[in-house]
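See structure below.
The first residue of the sequence shown is numbered 1, and numbering continues consecutively from there. Scope of the values below: all heavy atoms of this structure, side chains included, with no hydrogens, waters or symmetry mates.
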Amino acid sequence: MLGADLPVDAALVDLCLGDQDGRALADRLRERSPGLRVLFLSGSPGELLPSRSSERGEDVLPKPFVPGELFRRLEILLAPSRSGEAPGV
């Protein structure tokens with residue numbers, strides 16, 4: 001697997017992956033990188049994350065989006081927080 005030994009800070013994951021759920025994929029990725037922050041992409045209006053998502057370093061970016069919004073959301077997601085945990089967005 002490419003980059004299997006490299007640390008990963010963040011992942012972009014679509015919530016709907018055909019035969020797979022994006023949340024399940026994020027959970028599997030966190031098994032390798034426990035502090036992983038995830039920006040979920042969603043084309044379905046109203047698709048929400050559980051209430052603890054900000055504590056876990058998660059956010060949802062609705063599609064379509066412009067590149068500037070993607071960069072802004074990633075910057076917020078990756079910004080260090082005062083408590084040392086992933087910031088909420």
Side-chain angles (χ1 to χ4, degrees):
M1 173 186 269
L2 179 65
D5 297 331
L6 298 175
V8 177
D9 295 322
L12 297 174
V13 177
D14 202 306
L15 280 168
C16 183
L17 298 171
D19 64 339
Q20 191 176 55
D21 179 81
R23 291 177 193 99
L25 174 59
D27 289 340
R28 287 201 329 267
L29 292 171
R30 282 196 177 101
E31 290 174 7
R32 289 181 172 238
S33 300
L36 183 72
R37 297 172 188 187
V38 180
L39 181 58
F40 289 104
L41 307 175
S42 175
S44 301
E47 199 159 24
L48 301 175
L49 293 175
S51 61
R52 294 193 47 178
S53 64
S54 64
E55 294 174 21
R56 295 184 68 189
E58 298 176 347
D59 191 16
V60 176
L61 178 61
K63 295 187 272 184
F65 55 85
V66 295
E69 181 64 11
L70 172 64
F71 297 137
R72 186 184 77 78
R73 297 289 275 280
L74 282 172
E75 184 175 60
I76 291 169
L77 193 67
L78 290 170
S81 67
R82 286 179 234 153
S83 67
E85 292 187 16
V89 180

I need the minimum non-hydrogen distance between Leu77 and Gly57, along with the two atoms involved. CD1-O, 3.5 Å
Any non-hydrogen side-chain atom of Leu74 less than 4.5 Å from a side-chain atom of Leu61? no
Only distances under 3.5 Å count here; give the side-chain donor-acceptor pairs of residues 62-70 to other protein atoms, sequence neighbours excluded, each with its distance to 0.1 Å.
from: Lys63; atom 1: NZ; to: Asp14; atom 2: OD2; distance (Å): 2.5
from: Glu69; atom 1: OE1; to: Arg72; atom 2: NE; distance (Å): 3.1
from: Glu69; atom 1: OE2; to: Arg72; atom 2: NH2; distance (Å): 3.0
from: Glu69; atom 1: OE2; to: Arg73; atom 2: NH1; distance (Å): 3.1

How close do Gly22 and Leu17 get, heavy atom to heavy atom, and via which atoms? CA-CD1, 3.8 Å
Is the shortest side-chain heavy-atom distance between Arg23 and Leu15 below 4.5 Å? yes
Qualifying residues under side-chain contact (heavy atoms from CB on, under 4.5 Å), relative to Ala10, sequence neighbours excluded: Leu78
Residues in side-chain contact (heavy atoms from CB on, under 4.5 Å) with Asp27, at least two apart? Arg30, Arg56
Closest heavy-atom pair and its distance - Leu29, Ala11: CD1-CB, 4.2 Å
